[in-house]
Amino acid sequence: MMIERRAMERIPINRAARLSFDGIRGTPPCVVRDINALGACISTPYYIFANEFVLSFEGHSGIFICRIVWRKATLCGVCFLLRRRPPKLANGSGEPANVVRLVRQIVCR
């Protein structure tokens, strides 16, 4: 029996996304298996060596800055980090995109 240790329940979404690594060209694909406002579970066709990266969903201009919390082969759990610099505006209104609102938009699709 597995004991749930997360502060918030994750919502299964199984959506395609892209990863961006600092200093590396290209955006490799991944699948976000589940997500909540604090983190996500990501599946990739390769082992991720980086400890931090940017996660983005196609069709959404918002991004998630992620830190790996655990790894198991090509599966990893990440927590979302607050941006260290002013964010790019995702909604064009002059206000930063709200992470919880962005998660809801992605899940509801």
Side-chain angles (χ1 to χ4, degrees):
M1 181 177 189
M2 191 169 174
I3 298 172
E4 180 61 49
R5 296 183 301 198
R6 292 184 192 111
M8 293 178 70
E9 183 179 340
R10 292 232 179 118
I11 302 162
I13 62 170
N14 292 310
R15 295 255 335 259
R18 295 271 178 188
L19 305 177
S20 300
F21 302 96
D22 194 27
I24 299 175
R25 293 185 82 137
T27 54
C30 69
V31 173
V32 177
R33 292 177 166 226
D34 55 48
I35 193 169
N36 66 23
L38 302 175
C41 178
I42 298 171
S43 176
T44 61
Y46 42 82
Y47 183 86
I48 298 175
F49 288 97
N51 289 321
E52 291 186 9
F53 54 86
V54 173
L55 173 70
S56 61
F57 290 89
E58 293 181 20
H60 291 274
S61 56
I63 62 168
F64 297 93
I65 300 173
C66 302
R67 176 176 291 144
I68 292 186
V69 177
W70 60 266
R71 291 179 173 100
K72 185 174 182 180
T74 59
L75 195 63
C76 66
V78 300
C79 64
F80 299 137
L81 303 177
L82 296 176
R83 293 178 170 98
R84 295 188 185 102
R85 56 189 177 279
K88 291 183 180 179
L89 303 180
N91 55 13
S93 68
E95 296 179 12
N98 181 312
V99 171
V100 174
R101 187 174 63 235
L102 186 59
V103 167
R104 285 188 188 134
Q105 290 173 357
I106 292 166
V107 169
C108 291
R109 280 192 152 192

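What's counted below: heavy atoms across the whole structure, side chains too, no hydrogens, waters or symmetry copies. Being a predicted model, the structure only gives us computed values, none of them experimental.
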Which atoms form the tightest heavy-atom contact between [X] and [Y], and what is the distance?
X	Y	value
Glu58	Arg15	O-NH2, 4.2 Å
Leu55	Cys30	CD1-SG, 3.8 Å
Arg10	Asp34	CD-OD1, 3.0 Å

Is the shortest side-chain heavy-atom distance between [X] and [Y] below 4.5 Å?
X	Y	value
Leu81	Glu52	yes
Val78	Trp70	no
Val32	Phe57	yes

Polar side-chain atom of Arg33 near backbone of Asn14 as donor-acceptor pair, under 3.5 Å: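 The answer is no, because no donor-acceptor pair under 3.5 Å joins these two groups.
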
Under 3.5 Å, sequence neighbours excluded: what are the donor-acceptor pairs made by side chains of residues 40-51?
unit_1	atom_1	unit_2	atom_2	d
Thr44	OG1	Tyr46	O	2.3
Thr44	OG1	Thr74	O	3.4
Tyr46	OH	Pro29	O	2.9
Asn51	OD1	Arg71	NH2	3.1

Report the C-alpha distance between Ser20 and Ile63 in whole Å, list the side-chain angles of each, state the deciding distance to 0.1 Å, and finish with yes or no for side-chain contact (heavy atoms from CB on, under 4.5 Å). CA-CA 10 Å; Ser20 300; Ile63 62 168; over 6 Å; no

With side-chain contact (heavy atoms from CB on, under 4.5 Å) as the test, pick out the partner of Phe53 among Ile65, Ile68, Asp22. Ile68

Mind checking whether Phe80 and Val31 sit in one hydrophobic cluster, side chains of I, L, V, M, F, W, Y counted as touching below 4.5 Å? no

